[in-house]
Amino acid sequence: MVSIDLYKNLPTSDELPDSDDTPVDNEDQNFLPNYLLFLLAIIWKDRNDWYFGVDMGIYHTSGENPRVPVIPDGFLTVGVNRRRPGNKSRKSYVVWEEGGMVPQLVLEVVSWTPGNEYESKMAIYEKLGVLYYVIYNPEYYQRDRHQPFEIYRQIDGKYQLQTGEPYWLPEIGLGIGRTQATVGGIDREILSWFDQYGRRYLSAEELAQQAQLEAQKERQARLAAIAQLDNIGLTVEQISVALGLSINEVRQQLEES
């Protein structure tokens, strides 16, 4: 943590603009960071020591002017409170109000309009000290002569392109990478979080579907067991004891079958 005195002459988050009124170029620039955010809210639902910002300005002191923010499509900081003092939400991410805590991960989704993701923005994040820089470029990577998914890690103060996907982030305790998923009834490629074994974390929608399938399987297994015991001549009372069900449940299942 950095001494507050170092930042005492800098503006507060209430004094800094919190919107640049610039729309995103495509759906992915808004959807993908928000998907990662909502997924984190499930994965880390019992934790309050993280913050994920979407299309939010990061004000910092490593540039020429601390009043000029850099605005990534998404960023993650581990080690800060999810809410500001007084349970207030953030207007912007102001490094000097976060104890000098810089985001550990920044995400940029490349759009039709080149946004200097591989040049000036990379230099800004590198100087700022962001540990991991993720660039997702599924549509224009050939134009930019890069790969669709790239992740850079700071080593000795310089970004170096990493290999492997999903890529494990030990300082964060998550992996990140691409995957195919059905979101809102649409099959598409998304970015997602993974565990250390490379297993993708499921969304709320997928968890609900999984629970529904498990309930259906359980019901089918129960029906099959009741039918088998009924076929070998057990009474309703005996089936009830054998399966740990009430007599009414057994009778209802037999009637439905």
Side-chain angles (χ1 to χ4, degrees), residues 1-20 32-109 117 120-135 151-160 162 167-176 191 193 196 201:
M1 303 292 279
V2 179
S3 171
I4 296 176
D5 290 339
L6 182 65
Y7 301 132
K8 62 183 180 181
N9 295 322
L10 293 171
T12 68
S13 54
D14 288 331
E15 298 169 324
L16 294 166
D18 57 3
S19 173
D20 63 358
L32 292 174
N34 275 294
Y35 183 87
L36 292 172
L37 166 60
F38 296 144
L39 198 54
L40 271 183
I42 297 172
I43 301 168
W44 288 345
K45 59 182 174 59
D46 297 322
R47 291 179 55 175
N48 291 307
D49 63 339
W50 61 275
Y51 183 76
F52 193 97
V54 177
D55 195 29
M56 175 183 286
I58 299 174
Y59 286 93
H60 57 99
T61 58
S62 59
E64 294 181 2
N65 187 341
R67 291 180 176 271
V68 178
V70 59
I71 308 174
D73 292 314
F75 65 89
L76 171 63
T77 309
V78 178
V80 297
N81 291 324
R82 289 182 68 181
R83 303 285 283 185
R84 296 287 296 151
N87 205 31
K88 294 181 179 180
S89 59
R90 289 171 172 82
K91 297 178 179 179
S92 302
Y93 189 90
V94 183
V95 170
W96 55 87
E97 291 187 346
E98 307 290 348
M101 186 72 73
V102 172
Q104 287 94 353
L105 180 144
V106 160
L107 167 68
E108 290 287 359
V109 180
E117 289 85 3
S120 60
K121 277 198 169 182
M122 179 178 285
I124 291 171
Y125 299 136
E126 188 177 79
K127 187 175 181 182
L128 179 56
V130 175
L131 183 60
Y132 292 105
Y133 179 30
V134 180
I135 304 177
I151 182 162
Y152 295 83
R153 188 186 193 283
Q154 279 225 32
I155 300 175
D156 296 328
K158 296 292 182 181
Y159 278 134
Q160 294 187 20
Q162 304 298 294
Y167 183 84
W168 180 247
L169 314 162
E171 297 84 356
I172 296 174
L174 292 170
I176 189 171
L191 295 180
W193 302 114
Q196 60 184 321
Y201 285 103

Nearest 0.5 Å please: distance from the [atom1] atom of [X] over to the [atom2] atom of [Y].
X    : Y    : atom1 : atom2 : answer
L105 : I176 : CG    : CD1   : 5.5 Å
L174 : Q104 : CG    : CD    : 11.0 Å
W44  : Y201 : CH2   : OH    : 9.0 Å
Y133 : L107 : OH    : CG    : 9.0 Å
R153 : I151 : CZ    : CD1   : 10.0 Å
T12  : Y59  : OG1   : OH    : 11.0 Å

Do side-chain atoms of [X] reach the backbone of [Y] as a donor and acceptor pair under 3.5 angstrom?
X    : Y    : result
W50  : L76  : no
Q160 : K158 : no
N81  : R83  : no

Inset, instruction - Using the side chain to side chain contact (heavy atoms under 4.5 Å, CB included) rule, take L10 and R67 through it: C-alpha gap first, then chi angles, then the decisive distance, then the call. - result: CA-CA 9 Å; L10 293 171; R67 291 180 176 271; over 6 Å; no

Considering non-hydrogen atoms only, spot the tightest contact between [X] and [Y] and give its length.
X    : Y    : value
F52  : L36  : CZ-CB, 4.0 Å
P69  : G57  : CB-CA, 4.0 Å
P33  : G74  : CB-CA, 4.3 Å
E171 : L131 : CD-CD2, 3.6 Å
W96  : P66  : CH2-O, 3.4 Å

Inset, instruction - Establish, yes or no, whether the cationic atom of R90 lies under 6.0 Å from the six-membered ring centre of Y51 and within 45° of the ring axis. - result: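 Relative to the ring axis of Y51, which defines the angle, R90 lies inside both limits.
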
Can you tell if the side chain of [X] reaches within under 4.5 Å of the side chain of [Y], non-hydrogen atoms only?
X    : Y    : answer
V102 : T77  : no
V109 : E117 : no
I43  : W193 : yes
I58  : P72  : yes
I71  : M56  : no
M122 : V106 : no

Inset, instruction - Among residues two or more places apart or on two chains, list those pairs meeting ring-ring contact (aromatic ring centres under 6.0 Å, His included) that have a residue in residues 65-95. - result: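 Output for this query lists F75-Y93.
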
Inset, instruction - Answer with yes or no whether the side chains of E108 and Y125 bring together a donor and an acceptor at under 3.5 Å. - result: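 Yes, because at least one side-chain N or O of Y125 sits under 3.5 Å from a partner of the opposite role on E108.
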
Inset, instruction - Show the numbers, then the answer: is there a side chain to side chain contact (heavy atoms under 4.5 Å, CB included) between I155 and Q162? - result: CA-CA 11 Å; I155 300 175; Q162 304 298 294; 4.1 Å; yes

Strictly below 4.0 Å, N to O, side chains only: are [X] and [Y] in salt-bridge contact?
X    : Y    : result
E126 : K121 : no
K91  : E97  : no
D49  : R47  : yes

Legend entry - N34: side chain to side chain contact (heavy atoms under 4.5 Å, CB included) partners, not counting sequence neighbours: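 Here the qualifying residues are N30, L37, F38, V54.
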
